[in-house]
Amino acid sequence: MTIREWLKTKLFGKSGIAKSATGKPDDDRLTFINDNDALMRARIREYNIWYCGDSDELLNYYTHNNMIEANYEPFYLRNKRSYFWAISSTEGDIKRTHSGQPRNIVDTLVGICRFPIISSKVTGDGDNIVDKNLRKIIEEGRLKDLYRQEQLPLTLVEGWGCYKINWDKDVSDYPYATYYRADCVEFIYKANRVVSAIFKDYYTDINGKRYMLVETRSIKSRPRKDAEATGSGERERYLAIEYNLFALNAGMDEDVSSAKEIDRKSIEKFADLEDVEVSNCDMLLAVPCVLFSDTSKIGGFGRSIFTGKIDLFDDLDQCLSQASESVRKSTPIEYFNSEYLERDAKTGMPIPPHAYDRKYTVIQGSPNADGTGSNGVAVQVTQPKLDFGQYSDQATQILLQIINGIMSPATLGIDIAKKDNAEAQREKEKVTIFTRNCIIDSEALILKTLCSQLLCAKELMDTGSITVHDYDISVKYSEFADSSFENKLEKLGAALDAQCISEDMYMSKLYDDTLTPDEYAREKQWLIEHHTKPHDEGMLGISGGGANVPGMFGTPTAENMQNGAIGEELSAE
């Protein structure tokens, strides 16, 4: 029995029956799959290895895949056996080059989806205490770092994950969130809603024994305490938090049948853990993170941004490795007569040149080391001519296929068409903008739910109960995909010149909250005096409120009349 099967049995009774997420059995797909759960974990691990960006990790993974995992899934993993990284893992003298593009793609998307401005419209006791608590929760819990360094990149890579809200007054007076990766969390759905979240934490003691602590958070219902007395039959929902501890055997992390549940009281570290019930709470105090839905997976899991791209990543690395090998082979070759070689001072034997220098020893009357014949020349230099352009062109085409549907080449700093004008570049950037909009739409909902539940957890810490279930959280992302000051200055300045936005909106969008109130007031006043006022007072800054002033359109003035008289006198002379 696997962890998933054990959890279903625990939550749905002895039969462990749960509705299929796909609406029909998946028997046709599972025909050549021995363990679907193990295969899903292997896919998550593969995505993480590519995101890691380390060529040694890639080589180690595909070596392990060739030797072990391919034996467990000999039919399903047939294509991966033909990967460049899988084939090259069986050979030694190969220069393997990793592009690093998987990490570049994810980190670039994270960079353009910056942490939003989060606030609550609920003021609490009138002193805006809710917003103060929210700011302290975000600051002390380092929510910005958690968002940028763990949740968003790992959700993009793995497909799903989950925020778990913790509260411990020994640690902080405010609740905090931790992020669980895809292989450490399970979801149970009911009526298209997550009713249970299962978190797995792994521990190892000083003797090398391994344990898995399973924390299950479920929304359950029961009759209200006064239901029998009143005869209303009303029920209340509550949050149940339960703990189970398993001892793991080596290589059997997910096999509960061979690693039976043990009493957590027998381990000192887990002896203080107690099951918890939170009355009048219909939230898990945990927020699932899914950015792109994937209907092909059972259980409502998300889709990785690497889905369908691993084959192309492997092709790109193969192309770059071939180019690197060609550069090495194009190094000039030098043939030395053995009589001119340097000799070892102790043995007197000739010291052969390094192989990478492409130097060969010429032995008179015998074939050379590369198979050519001797010609008696002391030193001979040759250099092969290879076509490197084909590799760079092929790498560019593969990269374009990789980022197709995800982002523009210009977003990665790749200039494909050097003659494109500014409008053409903006059109290409639309792909990146579409992806960004899709991400921030999902993230806005995730952060809104998370911050609302964090405030609920704060009330639970302070009072022991939850009375407010919705804090009306506002999550505002920047409208600028490129949020640099220079880009804002250019775009907002054009809008202000065209009188499309007000001075207040211009100041708010340009500076956000980086200015103090005094600095904001001084800058706004300067803006009105030097920019807005001349537009309101007429052409070229001439005072008069736009009315005709003396001297305009031929209207005579004293100075004009005097100048005219002087001109007539000069004409008469």
Side-chain angles (χ1 to χ4, degrees), residues 1-14 16 18 34-49 64 68-69 72 150-151 154-155 158-168 171 176-189 194-218 239-276 284-289 297-301:
M1 180 183 293
T2 64
I3 276 288
R4 188 186 299 275
E5 294 168 346
W6 178 85
L7 290 170
K8 287 181 179 179
T9 302
K10 176 183 177 182
L11 294 172
F12 297 102
K14 293 183 179 180
N34 295 325
D35 189 342
N36 191 49
D37 287 345
L39 190 63
M40 185 171 60
R41 292 193 302 272
R43 186 177 291 113
I44 294 172
R45 189 161 61 252
E46 183 178 28
Y47 292 156
N48 277 290
I49 291 296
H64 180 272
I68 298 176
E69 293 186 4
Y72 287 107
E150 292 188 44
Q151 185 262 313
L154 291 177
T155 305
E158 299 176 345
W160 71 92
C162 190
Y163 280 117
K164 187 180 82 169
I165 297 175
N166 306 284
W167 56 95
D168 187 351
V171 177
Y176 59 94
T178 54
Y179 181 74
Y180 278 72
R181 305 171 70 140
D183 53 353
C184 294
V185 64
E186 304 276 352
F187 303 131
I188 302 297
Y189 284 80
V194 179
V195 295
S196 295
I198 301 95
F199 303 96
K200 296 177 284 186
D201 292 286
Y202 297 89
Y203 299 86
T204 305
D205 64 11
I206 57 175
N207 299 318
K209 293 183 178 180
R210 303 177 63 209
Y211 302 93
M212 179 174 63
L213 179 66
V214 177
E215 178 182 344
T216 306
R217 296 190 178 187
S218 306
L239 171 63
I241 303 177
E242 303 169 281
Y243 297 94
N244 299 89
L245 184 65
F246 296 89
L248 300 178
N249 296 325
M252 315 221 22
D253 293 357
E254 297 292 331
D255 193 350
V256 183
S257 60
S258 63
K260 295 182 179 180
E261 183 179 2
I262 63 175
D263 183 10
R264 63 177 182 270
K265 302 294 183 181
S266 62
I267 308 296
E268 182 180 358
K269 181 175 180 62
F270 311 111
D272 296 334
L273 289 176
E274 297 290 344
D275 295 343
V276 179
L284 290 170
L285 297 182
V287 183
C289 302
K297 289 189 177 71
I298 300 176
F301 298 107

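What you are looking at is a predicted structure, and each value in this text was computed from that prediction instead of being measured.
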Does either side chain, that of N166 or that of T178, offer a donor lying less than 3.5 Å from an acceptor on the other one? yes

After noting the C-alpha distance and the side-chain angles of Y47 and E158, does the key distance pass the side-chain contact (heavy atoms from CB on, under 4.5 Å) rule? CA-CA 6 Å; Y47 292 156; E158 299 176 345; 5.6 Å; no

To the nearest 0.5 Å, tell me how far [X] [atom1] sits from [Y] [atom2].
X	Y	atom1	atom2	result
M212	I262	CE	CD1	11.0 Å
S266	L245	OG	CG	7.0 Å
L284	S218	CG	OG	7.5 Å
K164	E215	NZ	CD	3.5 Å
Y202	D183	OH	CG	7.0 Å
K200	L213	NZ	CG	12.5 Å

Shortest non-hydrogen contact between Y189 and V195, atoms and distance: C-CG2, 4.3 Å

Which atom of F187 lies closest to which atom of G161, heavy atoms considered: CZ-O, 3.3 Å

Considering residues at least two apart in sequence or located in another chain, which fulfil the side-chain contact (heavy atoms from CB on, under 4.5 Å) criterion with A240? K220, Y238

With sequence neighbours excluded, what pairs up with D168 under the side-chain contact (heavy atoms from CB on, under 4.5 Å) test? D170, V171

Can you tell if the side chain of [X] reaches within under 4.5 Å of the side chain of [Y], non-hydrogen atoms only?
X	Y	answer
R181	I44	no
I267	Y203	no
V276	L239	no

Can you list everything that forms a side chain to side chain donor-acceptor pair (under 3.5 Å) with Y179? Sequence neighbours excluded, please. T155

Can you list everything that forms a side chain to side chain donor-acceptor pair (under 3.5 Å) with Y163? Sequence neighbours excluded, please. Q151

Using the test salt bridge (charged side-chain N to carboxylate O under 4.0 Å, His left out), find all partners of [X] that sit at least two apart in sequence or belong to another chain.
X	result
D275	R264
K265	E274
E46	K80

Looking at K209, is its backbone amide N or carbonyl O close enough to the side chain of N207 to form a donor-acceptor pair, meaning the two atoms are under 3.5 Å apart? no

Taking ring-ring contact (aromatic ring centres under 6.0 Å, His included) as the test, write out the residues that go with Y211, two or more places apart. none

